[in-house]
Amino acid sequence: MYVTLNNGVKMPQLGFGVFKVKDGSIATEAVKKAIEVGYRSIDTAAIYKNENGVGQGIKDSGINREELFITTKVWNGDQGYEKTLKAFEESLEKLGLDYVDLYLIHWPMPNVDKYVDTYKALEKLYEDGRVRAIGVCNFQIPHLERLLNECKVKPVLNQVELHPYFSQKELRDFCEKHEIFVESWGPLMQGGEVLNHKLIKDLAASYGKTPAQVIIRWHLQNNLIVIPKSVTPSRIEENFDVFDFELSSEDMMKINGLNQNKRIGANPDEFYRM
Ligand SMILES: NC(=O)C1=CN([C@@H]2O[C@H](COP(=O)(O)OP(=O)(O)OC[C@H]3O[C@@H](n4cnc5c(N)ncnc54)[C@H](OP(=O)(O)O)[C@@H]3O)[C@@H](O)[C@H]2O)C=CC1
Ligand SMILES: O=C1CO[C@H](CO)[C@@H](O)[C@@H]1O
């Protein structure tokens with residue numbers, strides 16, 4: 001299932017995340033397995049330090065490059081116009097690709113105040129045809145407003161922490177108004193307590209699916225792009241096996257009711273790590 005981004009590019013709504021997947025054969029095997037079971041979108045980042053292994057998995061998969069949607073991200077220490085252009089070339093080299101589908105700013109780091117310059121480097125890469133789309137991660141409304149006011153190319157998406165305990169309704173509404181997709185990171189709460197919540201377990205039993213599958217459906221039916229991660233072959237399969245059922249609107253509302261506005265990750269206004 002694909003969504004159409006605000007620049008007309010199509011992106012799979014369900015992709016495969018690779019944070020904490022070790023470089024080398026572990027990353028290669030995970031990516032190969034994911035592509036084998038049907039994922040066509042892979043989400044990595046320079047800071048995950050697995051772009052080599054991910055690139056090898058892409059190559060070994062035997063799937064045509066045009067059928068895949070590859071995302072990577074510029075890390076905080078590489079923010080700034082020139083450094084970002086250089087970091088992009090390094091990521092491309094590690095991945096063994098000649099373009100990426102989506103290039104993202106990893107964190108806004110508002111105190112450092114370089115994200116507008118960094119975004120201008122992304123615009124240059126986009127204009128030069130080195131990337132098919134550009135976007136951001138962990139941007140709050142004021143950070144997005146600055147890009148919308150000071151830059152030419154609208155971000156296609158904002159990848160943020162999002163799961164039933166932290167559903168980011170205000171940010172989602174803002175993004176929807178500006179035709180910016182929201183992509184959920186930590187969609188399974190990084191394997192945390194939501195998977196054991198009674199409501200999620202009861203719904204899973206009633207649909208004959210697993211808690212993870214119910215939560216992934218909740219993301220998809222909320223028009224979110226979602227990138228669950230696993231290195232476990234059976235879970236890689238399980239997390240993609242979500243297209244044979246649909247949550248009722250009542251059950252969607254029940255899951256919406258789990259929101260606690262509680263992050264498990266850092267607050268982007270405060271996060272600073274180079
Ligand atoms: N832009 C950003 O700042 C960030 C982006 N991301 C991106 O988002 C992706 C997804 O988020 P992530 O943080 O990895 O967290 P997820 O919510 O995807 O959770 C991953 C964890 O859940 C476990 N898991 C996966 N599937 C199942 C299942 N079916 N049943 C039970 N447990 C399961 C995994 O275990 P196991 O692997 O052992 O099977 C792993 O421990 C990342 O991989 C990364 O690509 C993530 C964090 C920040
Ligand atoms: O994507 C992410 C996971 O890795 C990073 C740290 O190593 C996080 O900061 C980031 O949000």
Side-chain angles (χ1 to χ4, degrees), residues 12 14-23 26-27 29-31 33-34 37 39 41-51 53-54 57 69-79 91 100 102-109 115 135-140 143 155 157-168 171 181-197 200-201 204 209-220 224-242 263-274:
L14 174 57
F16 184 62
V18 296
F19 173 41
K20 286 192 177 153
V21 177
K22 208 168 168 299
D23 200 12
I26 295 187
E29 289 309 312
V31 167
K33 173 72 187 175
V37 307
Y39 296 81
S41 164
I42 314 287
D43 180 89
T44 185
I47 194 68
Y48 301 168
K49 307 225 179 296
N50 58 17
E51 288 169 313
V54 167
F69 191 101
I70 310 302
T71 301
T72 193
K73 316 182 187 97
V74 55
W75 183 242
N76 303 341
D78 288 320
Q79 281 213 23
S91 281
V100 295
L102 177 61
Y103 199 42
L104 302 175
I105 300 181
H106 210 138
W107 288 89
M109 299 224 301
Y115 65 83
V136 295
C137 305
N138 301 305
F139 271 44
Q140 310 269 55
H143 313 140
L157 62 78
N158 185 18
Q159 182 185 107
V160 295
E161 178 184 343
L162 204 156
H163 43 76
Y165 284 11
F166 189 60
S167 59
Q168 300 252 38
L171 182 63
F181 267 95
V182 175
E183 179 172 36
S184 308
W185 71 248
L188 303 175
M189 218 181 151
Q190 300 190 319
E193 61 183 271
V194 71
L195 288 166
N196 283 317
H197 193 283
I200 300 292
K201 290 211 293 203
K209 302 297 281 188
T210 67
Q213 289 169 331
V214 166
I215 294 171
I216 292 166
R217 252 341 278 192
W218 174 82
H219 288 275
L220 295 174
L224 299 160
I225 298 169
V226 59
I227 45 171
K229 169 264 177 186
S230 178
V231 285
T232 312
S234 60
R235 287 175 173 173
I236 295 175
E237 244 176 283
E238 172 186 333
N239 295 346
F240 199 75
D241 180 17
V242 291
R263 293 180 188 278
I264 47 168
N267 180 335
D269 277 318
E270 292 156 10
F271 185 76
Y272 173 89
R273 213 187 99 199
M274 300 295 266

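First listed ligand is number 1; within each ligand, the first listed atom is number 1.
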**Request:** Please state whether the rings of F271 and W75 are parallel, tilted or perpendicular, taking 30° and 60° as the class boundaries.
**Result:** perpendicular
[X] N/O under 3.5 Å from ligand 1 N/O:
X    : value
K73  : no
S184 : no
A212 : no

**Prompt:** What are the two closest non-hydrogen atoms of P12 and F69, and how far apart are they?
**Reply:** CD-CB, 3.7 Å
**Request:** With sequence neighbours excluded, tell me which residues meet ring pair (Phe, Tyr, Trp, His ring centres under 6.0 Å) with F181.
**Result:** none
**Prompt:** Under a strict 4.0 Å criterion on non-hydrogen atoms, which protein residues are in contact with ligand 2?
**Reply:** F19, Y48, W75, H106, W107, F271, R273
Quick one: look at [X] and ligand 1, take heavy-atom pairs under 4.0 Å, and tell me if it's side chain, backbone, both or neither.
X    : value
V160 : neither
C137 : side chain
Q190 : both

**Message:** Tell me the protein heavy atom at minimum distance from atom 37 (O) of ligand 1, and give that distance in Å.
**Reply:** K229 NZ, 2.7 Å
**Request:** Return the residue, atom name and 0.1 Å-rounded distance of the protein heavy atom closest to atom 45 (O) of ligand 1.
**Result:** D43 OD2, 2.6 Å
**Message:** With a cutoff of 4.0 Å, is F16 in contact with ligand 1, counting heavy atoms of the residue only?
**Reply:** no
**Message:** If I take atom CD1 from residue I236 and atom CD from residue E29, how far apart are they, to the nearest 0.5 angstrom?
**Reply:** 10.0 Å
**Fill in**
Heavy-atom proximity to atom 11 (O) of ligand 1, picking from G17, A30, G186, points to G186
**Message:** With a 4.0 Å cut-off on N to O distance, would you call D43 and K229 a salt bridge?
**Reply:** no
**Prompt:** Is K209 paired with E238 through a side-chain N to carboxylate O contact shorter than 4.0 Å?
**Reply:** no
